[in-house]
Amino acid sequence: MNICEMQEQILKLKKETNTAVLVHSYQAHEIVEIADYTGDSYKLSVDAANTDAENILFCGVHFMAETAKLLSPQKHVYISSPDAGCPMAEQMDAELISAVKAKEPDRTVVAYINTTARLKTVCDVCVTSSSALKIVKAIENQKILFIPDCNLGAWVKNQIPEKDIKLLTGGCPVHAAVSVKDVEKARAEHPEALLLVHPECRPEVTALADYAGSTSGIMNFARKSDKREFIIGTENSITEHLQYECPDKQFYPLAKNLICQNMKLTTLPDVYRTLLALSGDTSQKAYEIIMDDELIRNARKCIDEMIRLNG
Ligand code: 13P
Ligand code: SF4
């Protein structure tokens with residue numbers, strides 16, 4: 001079966017099985033094409049809460065599918081590729097953060113959404129890269145503990161200097177691997193291009209950018225800009241999606257190794273396999289996200305708080 005035939009089968013099976021497919025923008029083009037909802041992690045959280053479909057199939061990494069389950073506990077939520085985790089989400093656990101909180105109980109704990117459900121149970125409010133600035137500004141408390149990404153945290157801290165924001169050492173290994181040398185090389189090769197980066201990059205890289213923001217922030221900036229060339233400092237699938245969408249503009253990856261191996265574990269055949277399993281084909285397997293009610297209740301609070309504060 002070729003890619004177009006598989007996509008046609010997927011569209012049929014989605015209807016038959018009443019499944020909404022949620023696809024993070026770091027997924028490959030052929031997966032984005034069959035999505036019901038696509039976007040950054042904030043948008044997908046809201047989409048997961050609002051969809052009427054009985055089943056949700058998540059194409060992304062584990063914490064994103066978990067977030068979908070927290071927001072739609074009555075639905076069956078599946079992940080296309082069960083091994084797709086986010087290394088950042090595993091860097092800190094509830095015990096570590098509880099110990100830090102015990103020493104500094106007056107801080108509001110702000111967790112990047114790239115955390116496990118278990119860790120979310122000891123945090124006060126979640127943020128995503130697109131909502132972090134608004135939410136940290138909206139928190140009444142001046143004293144914040146921001147976990148786990150110290151690069152995103154430094155970007156927030158820099159723009160909200162009036163708050164006392166404590167950071168711990170953690171972050172995305174993919175974005176943190178980008179260096180100032182990569183910026184110098186890309187700028188030398190494409191002197192007319194604007195540099196757009198994700199705030200998970202190191203502060204010295206973000207400081208050199210013309211724009212820093214979430215995956216959807218970067219995409220919207222490039223779409224609206226009247227400039228013609230852009231160096232993209234986030235996962236390389238964003239460079240690819242923008243090139244498909246805006247053929248009259250040129251997009252270059254900031255670094256060839258800006259590839260999230262975990263995001264790339266999901267393939268179109270994984271989506272097809274899951275939908276076949278949901279349609280009753282017992283030779284195929286679907287991987288459901290299962291969490292007990294207490295975990296859901298406790299982990300959900302800080303996501304609800306994120307949605308409330310983001311207005
Ligand atoms: P966004 O919130 O921008 O979608 O980022 C998610 C992520 O994992 C970035 O590496
Ligand atoms: Fe996690 Fe980084 Fe991959 Fe995003 S790009 S899912 S933060 S490892």
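Here, residue 1 is the first one in the sequence, and each next residue gets the next number. Both counts, for ligands and for their atoms, begin at 1 and track the order of listing. All values reported here derive from a predicted model rather than from experimental measurement.
Considering only non-hydrogen protein atoms, atom 4 (Fe) of ligand 2 sits nearest to Tyr26 CE1, 3.9 Å.
Residues Leu168 and Leu145 approach most closely at CG-CD1, 4.1 Å, considering heavy atoms.
Within the protein, the N, O or S atoms sitting under 2.8 Å from atom 1 (Fe) of ligand 2 are Cys86 SG.
Contact shell of ligand 1 (protein heavy atoms, cutoff 4.0 Å): His24, Tyr26, Asp40, Ser41, Tyr112, Asn114, Ser129, His175, His198, Glu200, Ser214, Thr215.
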message = Quick one, Asn310 with Tyr42, criterion side-chain hydrogen bond (donor to acceptor under 3.5 Å, both in side chains). Give me CA distance, side-chain angles, the key distance, then yes/no.
response = CA-CA 10 Å; Asn310 205 33; Tyr42 184 82; 3.1 Å; yes
inquiry  = Could you go through Tyr26 and Thr215, starting from their C-alpha distance and side-chain angles, then the distance that decides it, and tell me whether this counts as side-chain contact (heavy atoms from CB on, under 4.5 Å)?
reply    = CA-CA 8 Å; Tyr26 287 170; Thr215 47; 3.1 Å; yes
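Residues Leu44 and Asp47 form a side-chain contact, since some pair of their non-hydrogen atoms from C-beta on lies under 4.5 Å apart.
Ligand 2 is never approached by Gln261 to a heavy-atom distance shorter than 4.0 Å.
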Exercise answer: donor-acceptor pairs, residues 78-92 side-chain atoms, under 3.5 Å, sequence neighbours excluded:
{"from": "Ser80", "atom 1": "OG", "to": "Phe58", "atom 2": "O", "distance (Å)": "3.3"}
{"from": "Gln91", "atom 1": "OE1", "to": "Gly171", "atom 2": "N", "distance (Å)": "2.8"}
{"from": "Gln91", "atom 1": "NE2", "to": "Gly171", "atom 2": "O", "distance (Å)": "2.8"}

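When the side chain to side chain contact (heavy atoms under 4.5 Å, CB included) test is applied to Asp292, the partners found at least two apart in sequence or on another chain are Glu294, Leu295.
In this structure, a donor-acceptor pair under 3.5 Å is present between the side chains of Asn141 and Thr108.
For the pair Lys285 and Tyr287, the distance from NZ or CZ to the six-membered ring centre is under 6.0 Å and the angle to the ring normal is within 45 degrees.
If you look at Glu235 next to ligand 2, there are no close heavy atoms at all, none under 4.0 Å.
Of the listed residues (Leu278, Ile10, Thr274, Asp36), just one forms a side-chain contact (heavy atoms from CB on, under 4.5 Å) with Thr19, and that residue is Leu278.
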